[in-house]
There are 2 protein chains.
Amino acid sequence: MEALLKKHNLRKTSGRLSVLQCFLECGKALSHGEVQELVGQKMDRVTLYRILQSFEENGLLHKVPDDQVSVKYALCDHVHDLDHAHSDNHAHFKCNSCGDTVCLEESSIPEINIPRGFQVNQSFLLLEGLCNECVD
Amino acid sequence: MEALLKKHNLRKTSGRLSVLQCFLECGKALSHGEVQELVGQKMDRVTLYRILQSFEENGLLHKVPDDQVSVKYALCDHVHDLDHAHSDNHAHFKCNSCGDTVCLEESSIPEINIPRGFQVNQSFLLLEGLCNECVD
DNA sequence: TAACAAAACGCAACAATGTTACAAAAACGA
DNA sequence: TCGTTTTTGTAACATTGTTGCGTTTTGTTA
Ligand SMILES: [Mn+2]
Ligand SMILES: [Mn+2]
Ligand SMILES: [Zn+2]
Ligand SMILES: [Zn+2]
């Protein structure tokens, strides 16, 4: 786990270790507030924001739109690659019952027709509904 | 314009008329803050939130994800239909330079493979990049 | 047109999310 | 161990969004 930080050019701190552990253990996308609950209130709110930000900038996490309200983060597809340039170009699914958001890593976002002259740099596809555990 | 409100079962108020006018005139997705600037500070912030909410509930506007930070609203595809059950199932494009968000009404969101047992109720596809006016 | 009930509004208060500035503490390479 | 750079904690602030409540407005009916 410390190796993961080093590999992504992030200094090893106790805060970063606990945040990383949260994501490795729970395997789903987490909002700032959810991580805060997991690591406890002893970690400063702002520090946590900065840790999430540094993880994203260094290719450890990627942003996931949450309900058009706030952001969640999820582990990047190839966390163990040195290459940060991978795309995480996959869809996400959010269950409206249990609230969990998961990566659909096998479902890459298809090409979309865009007007002439437009240039797409990034795309976000969020599906909402019920997960297998919450369906009926 | 008053007819539009009536058609969607919304009482005619001065606030609703000015908000509706904003959307009819500017033809792009607007955030709460952007509408507030257009209608002026004399309209209460909370009232504006409630007007946007009522417009969405009655099929006049639909939500558009904005940068995973906040929400924008755009006129529904078939504002003049009595049927509110239309889907607005199209992609959106946000320009990272000018900040404008537009509906790509000709680009419906394609079907995505989802895990067995999952049920999709709604989907949001946001493309980000540069619009034709901001490219180079 | 007057009266009434339902809906919308204004205001206050609150919660959640996110950002910035600055000084203290910790990490890391030399 | 020393010195530099990064990270952290704290405070202060901004934006976004929600709830409760009393007042005003709207649409309907007598
Ligand atoms: Mn993902
Ligand atoms: Mn749209
Ligand atoms: Zn679920
Ligand atoms: Zn533009």
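Naming: A, B, ... by sequence-line order, numbering from 1 per chain. The structure displayed is predicted, hence computed values, not measured ones.
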Could you state the [atom1]-[atom2] distance from [X] to [N], rounded to the nearest angstrom?
X	N	atom1	atom2	result
A:His32	C:dA15	NE2	P	17 Å
A:Tyr49	C:dG18	OH	P	4 Å
A:Lys12	D:dT8	NZ	C1'	17 Å
B:Glu56	D:dG17	CD	P	12 Å
A:Leu5	D:dT6	CG	P	16 Å
A:Lys63	C:dG18	NZ	C1'	10 Å
A:Gln36	D:dG9	CD	P	11 Å
B:Gln53	D:dT16	CD	P	17 Å

Inset, instruction - Determine, for nucleotides 8-14 of chain C in 5'-to-3' order, which nucleotides have protein heavy atoms under 4.0 Å from the base (write B), from only the sugar-phosphate (write S), or from neither (write -). - result: SSBBB--
Inset, instruction - Apply ring pair (Phe, Tyr, Trp, His ring centres under 6.0 Å) to B:Phe93 and A:Phe118, showing your working. - result: CA-CA 9 Å; B:Phe93 182 92; A:Phe118 281 50; 4.8 Å; yes
Inset, instruction - Indicate whether the side chain of A:Asn58 and that of A:Glu56 have a donor and an acceptor atom separated by less than 3.5 Å. - result: no
Legend entry - Side chain to side chain, B:Phe23 and B:Leu61, heavy atoms closer than 4.5 Å: yes
Inset, instruction - Please examine the side chains of B:Leu38 and B:Glu34, heavy atoms only from C-beta on, and report whether any two atoms are closer than 4.5 Å. - result: no
Inset, instruction - Kindly assign one of parallel, tilted or perpendicular to the pair B:His62 and B:His90, based on the angle between their ring planes and the thresholds 30° and 60°. - result: perpendicular
Inset, instruction - Note the angle between the end axes of the helix from C:dT1-D:dA30 to C:dA30-D:dT1, five pairs defining each, rounded to 10 degrees. - result: 30°
Inset, instruction - State plainly whether the residues A:Glu2 and A:Lys12 are in salt-bridge range, i.e. N to O under 4.0 Å. - result: yes
Legend entry - Nearest-0.5 Å distance, OG of residue A:Ser123 to NZ of residue B:Lys94: 15.5 Å
Inset, instruction - Inspect the surroundings of CG in A:Asn113 and state if more than 12 heavy atoms from other residues, nucleotides or ligands are less than 6.0 Å away. - result: no
Inset, instruction - List, by chain and then residue number, the residues other than A:Val46 in its hydrophobic cluster (Ile/Leu/Val/Met/Phe/Trp/Tyr, side-chain heavy atoms under 4.5 Å); write none if there are no others. - result: none
